Amino acid sequence: MSETVRTRFAPSPTGFMHIGNLRTGLYAYLFAKKNGGKFILRIEDTDQERKVDGAVEMVYRTLETAGITYDEGPDKDGGYGPYVQTERMSLYKKYAEELVRRGGAYYCFCDKERLESLKDENGVHTYDKHCRYLSEEEVATRLAAGEPYVIRQKVPEGVVSEYEDMVFGKISVDSADIEDGVLLKSDGLPTYNFANVVDDHLMGITHVIRGTEYLSSTPKYNLIYDAFGWQRPKYMHLPPIMKDATRKLSKRYGDANFEDFIKKGYLPEAVVNYIALLGWCPKDNREKMTMQEMTEAFDTDGISKSASIFDEQKMRWLNGEYLKAMSADEFYTVALPFIDEAIGDAPYNKREIASLMQTRVDILSEIPQKLAFLGEFGEYDLNMYTHQKMKVDLSVAKRAVEVAISALKDFDDWTDDAVKERIRLAAEEAGMKAGQVMFAMRVALTGAPVTPGGAIEMATTLGKKESLRRLAFSLELISAKA
Ligand code: GLU
């Protein structure tokens with residue numbers, strides 16, 4: 001194959017981008033890059049009624065955040081523009097008229113009432129090809145008289161339209177089952193059915209990669225390519241992503257919005273990695289991959305024919321793997337906004353907190369809740385001190401907290417290792433188990449049943465002053481009861 005591979009992503013700006021849409025873009029990108037080709041962004045905005053303000057900007061933002069870089073697009077001219085459908089209006093009309101001349105389409109003057117009358121009991125109408133048989137003279141007269149018209153596809157009769165899909169194999173549709181559908185509407189705007197063909201052809205698209213909802217319409221589009229005498233592209237249709245066994249992800253229901261995940265503290269590269277695996281598996285079954293690694297490994301054989309289910313737990317896990325693999329500095333940078341959210345400008349060592357959090361969260365938005373112990377500290381349930389297995393009760397806890405206080409009050413080497421050793425020795429001297437002291441100390445420092453780390457980490461995170469303040473408070477609380 002000597003021609004340069006050209007793929008495109010053609011989102012409609014009708015809302016946010018759910019991860020199913022983004023996956024389509026990602027695969028088109030990976031396929032182009034794998035084959036040394038070009039990846040093109042086209043904005044399909046002809047459906048002005050469904051257009052949502054800000055949605056085009058969201059497409060740019062999302063692709064940029066996701067690291068899916070296009071070679072050509074509305075703001076990157078590659079000589080095949082314009083890349084926004086509403087800027088291509090004059091082209092569609094011109095090509096629709098040319099298709100009429102070539103015998104692949106015809107003018108239709110049927111009005112609403114007539115079309116209504118063709119509806120069956122389910123309210124569906126199939127056009128009866130009435131205008132297909134008008135004489136040329138009649139068409140010319142009616143056009144000259146300014147009658148409103150649409151242009152319809154003249155589907156050849158008695159043929160089977162077939163193609164080989166790269167994922168689904170041979171797809172064929174009998175032309176008897178294809179309606180003479182509208183290509184150009186009475187307002188001069190194209191339908192998707194027409195625009196996708198004209199655009200893909202004029203933009204030199206070699207491989208059309210999109211969702212399975214277009215799998216069975218593609219034979220119809222191919223008949224348009226044939227009627228123009230254009231070369232058909234190759235096709236790769238992608239199975240849907242489901243939110244459960246029966247329902248597809250849908251932006252209409254607010255499902256799985258890429259930008260929401262990023263706001264929740266997912267890393268874009270982890271989300272992109274995860275969605276790549278929804279419907280594709282590399283030969284060596286690897287899971288964690290950079291964009292570069294995915295590009296190298298991407299192959300059509302690994303694409304599944306069946307739908308995949310979006311599993312946020314799995315994506316969380318993968319995100320956690322990304323967080324753990326970061327350097328301390330990288331993690332600090334991404335975690336800082338979430339740490340700030342939790343502690344504001346309270347005088348804690350944020351780097352210390354970040355290192356405590358790095359192995360303990362799967363997504364960054366878990367941080368504030370895990371740091372709740374740094375905030376309010378007051379009365380708490382003393383039953384937390386009872387631990388039968390460790391043989392701790394309230395009186396043992398009282399001794400343990402006393403041991404901790406006396407061990408730490410004049411101690412200044414406030415690092416994990418040093419504090420730990422200090423407590424271990426103090427416990428030994430007091431004839432207690434280190435585990436008992438640390439258990440009671442953790443509760444005394446936090447007043448919480450679950451904490452993001454043990455006694456030592458809590459102490460170093462809180463700092464010396466706050467730790468001693470809390471231990472003293474807890475000792476009073478226990479003493480009142482014990
Ligand atoms: N604008 C269409 C959509 O968002 C794109 C279909 C295609 O890729 O041809 O579904």
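Order of listing sets the numbers, starting from 1, for every ligand and every atom in it. Predicted model, so just to flag it, every value in this text is computed and none were measured.
Using a 4.0 Å cut-off between charged side-chain N and carboxylate O, R351 and D329 make a salt bridge.
Contact residues of ligand 1 (protein heavy atom closer than 4.0 angstrom to a ligand atom; sorted by chain and number): R8, A10, S12, E44, Y192, R210, Y214.
A140 pairs by the side-chain contact (heavy atoms from CB on, under 4.5 Å) definition with nothing, not counting sequence neighbours. Applying the side-chain contact (heavy atoms from CB on, under 4.5 Å) rule to T451 yields the partners R442, T446, A448, M458; only residues at least two apart in sequence or on another chain are considered.
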Which donor-acceptor pairs under 3.5 Å do side chains of residues 263-271 form with protein atoms, sequence neighbours excluded?
residue, atom, partner, partner atom, Å
K264, NZ, E312, OE2, 2.9
Y266, OH, E312, OE2, 2.8

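Judged by a 6.0 Å distance limit and a 45° cone about the ring axis, K170 is not positioned over the six-membered ring of Y163.
Results of the side-chain contact (heavy atoms from CB on, under 4.5 Å) test with I43 over S12, P82, P74 single out P74 as the only residue that passes.
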